[in-house]
Every structure is written in structure tokens, then in C-alpha cells.
Amino acid sequence: DAGITQSPRYKITETGRQVTLMCHQTWSHSYMFWYRQDLGHGLRLIYYSAAADITDKGEVPDGYVVSRSKTENFPLTLESATRSQTSVYFCASSAGQGAGDTQYFGPGTRLTVL
Amino acid sequence: AQSVTQLGSHVSVSEGALVLLRCNYSSSVPPYLFWYVQYPNQGLQLLLKYTSAATLVKGINGFEAEFKKSETSFHLTKPSAHMSDAAEYFCAVSARHTGNQFYFGTGTSLTVIP
């Protein structure tokens, strides 16, 4: 029972490079989410997806791109990384049964942009 | 709009003492409320959630929280702190009209003193 996994767990890149963070879930959950966690800000929603090929912006989408061609995968791409995107990124999923539905989180990816 | 305020970014308690972590929410409609715990270098794990059933909600590891509409609060408590409770705790809110989107507080770091 793998649940929800993220790769890589740690990534160092340089300003201006493209970076893709992967998220995979084995529950066939409808909804998937990307958050970033920064000190003093808690978790902020970047993008979310209600189903394959359906995505929408969250609170802080600028500089990020997502896609969801398959239900189980939800990659997050930083097209041209900036230092302000240094953060810990969490992927989450939920069954999509309503507003009270639990979100299940992956272990996170720690991204450093030099 | 939904929002969450966690009073106290750092809380220290002695082992065996009462744990009280505060969460106040703002919501124009009946909310769903969640408490998550994050151990170092891990993702978030659900402790408990309120979904309009009983106002006193029991969760894992001996934690519980009480929904108080008149005070717009959802404080997390545990009668006796253990060393293993040291972690970051996040309160989150969602509501029917926001679908599956969560709004997180900025977190409270709990230290347990032996």
C-alpha cells in the first residue's frame, strides 16, 4: 500500500532552470493538490485538480505549471526557477466526496534554488 | 472567505502537562475543521476532523478538539503530554462552497520538556 509518493525528496537547482516535481497516488483519488510550505506562512495552495485534465489555480500559482493526464499522477513544473521558489512542496490527494473530505499528504520535496 | 488563525507559533509544555493549541476560524458558512500533525521531515498526518456531527471530536494519540460556534474556535487538547507529541500542528478549514480547498493556519510548534 504505497499511498502517495513524491520524487525527488530533495532537489537543488539553479535560477532559471526548469524543474519538475512528481506526485503519484495509488488510491485512485479524484482530487490532487500541490502546496508549498514556508516558515510563517503555513501551507499555501498552488494548484489543484478535480480529475484528469481538470486543473485550477490556488492561492499562489504564479511561476508554476501543472498537468494531469492520468488520475494517479500530478506533476508540478517550475518553468524558470527563482530563489523565491525555495520551499518544501507537498502533494496531497482526497477522494473528492465533499468539503469535509480528508486530504492525505505525501512526504514532501525540499527544493533549493541557488 | 475562509481563514484560520493559530495563536502562538511556539508552545512549550512539560511532560505530563496539559496540551492546549489554539485555533480560531473565520467562515461565512458552516465550516469543516481539521487538525494535522507534522513530524520532522515528514508530511502532514490527520489527527482529527469536525464535520458537523458531534462538537467534541476525538482523534488519534489521545488528542481531542471541541468545536465552539459562539467562539469560532476549534482548540486542540491532550490531557497529558508525551515526548513523542513534539511536532508542528496545523489547523485547517474548508466549507461547502469552497469545495475541497483547505485553508491552513501558520502552524504551532509544540515542544515537550522532560
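Hydrogens, waters and symmetry mates are skipped; everything else that's a heavy atom, side chains included, is used. Naming: A, B, ... by sequence-line order, numbering from 1 per chain.
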Tell me, side chain or backbone of B:Gln45 under 4.5 Å from chain A's heavy atoms, or both, or neither? neither
Are A:Tyr104 and A:Met32 linked, directly or through other ILVMFWY residues, by side chains that come within less than 4.5 angstrom of each other? no
Quick one: does B:Phe102's side chain get under 4.5 Å of A:Phe33's, heavy atoms only? no
Transitively linked via ILVMFWY side-chain contacts under 4.5 Å: B:Phe63 with B:Val93? yes
Heavy-atom count around A:Ile12 CD1 within 6.0 Å, excluding the residue itself: above 12? no
Going hydrophobic residue to hydrophobic residue with side-chain gaps under 4.5 angstrom, can you get from B:Ile60 over to B:Leu110? yes
Looking at A:Arg44, I'd like to know if its CZ atom is crowded, meaning that more than 12 non-hydrogen atoms belonging to other residues, nucleotides or ligands lie closer than 6.0 Å. yes
Could you check whether atom CZ of A:Arg17 has more than 12 heavy atoms from other residues, nucleotides or ligands sitting under 6.0 Å from it? no
Here the pair of heavy atoms bringing A:Arg9 nearest to B:Asn41 is NH2-O, 3.5 Å
Any chance you could lay out the side-chain contact (heavy atoms from CB on, under 4.5 Å) test for B:Leu44 and A:Gln103, step after step, and finish with the verdict? CA-CA 9 Å; B:Leu44 279 69; A:Gln103 289 188 18; over 6 Å; no
Relative to chain B, which segment of A:Gln37 carries a heavy atom at a distance below 4.5 Å: side chain, backbone, both, or neither? side chain
Please classify the contact between A:Leu45 and chain B as side chain, backbone, both or neither, with a heavy-atom cut-off of under 4.5 Å. side chain
Distance from B:Tyr36 atom OH to A:Thr102 atom OG1, nearest 0.5 Å? 5.5 Å
So does A:Leu39 have more than 12 non-hydrogen atoms from other groups sitting under 6.0 Å from CG? no
Taking all non-hydrogen atoms of both residues, which atom of B:Gln38 and which atom of A:Phe90 are closest, and how far apart? NE2-CZ, 3.1 Å
Say you draw a straight line from CG of A:Asp101 to OG1 of B:Thr51; how long is it, rounded to the nearest 0.5 Å? 10.5 Å
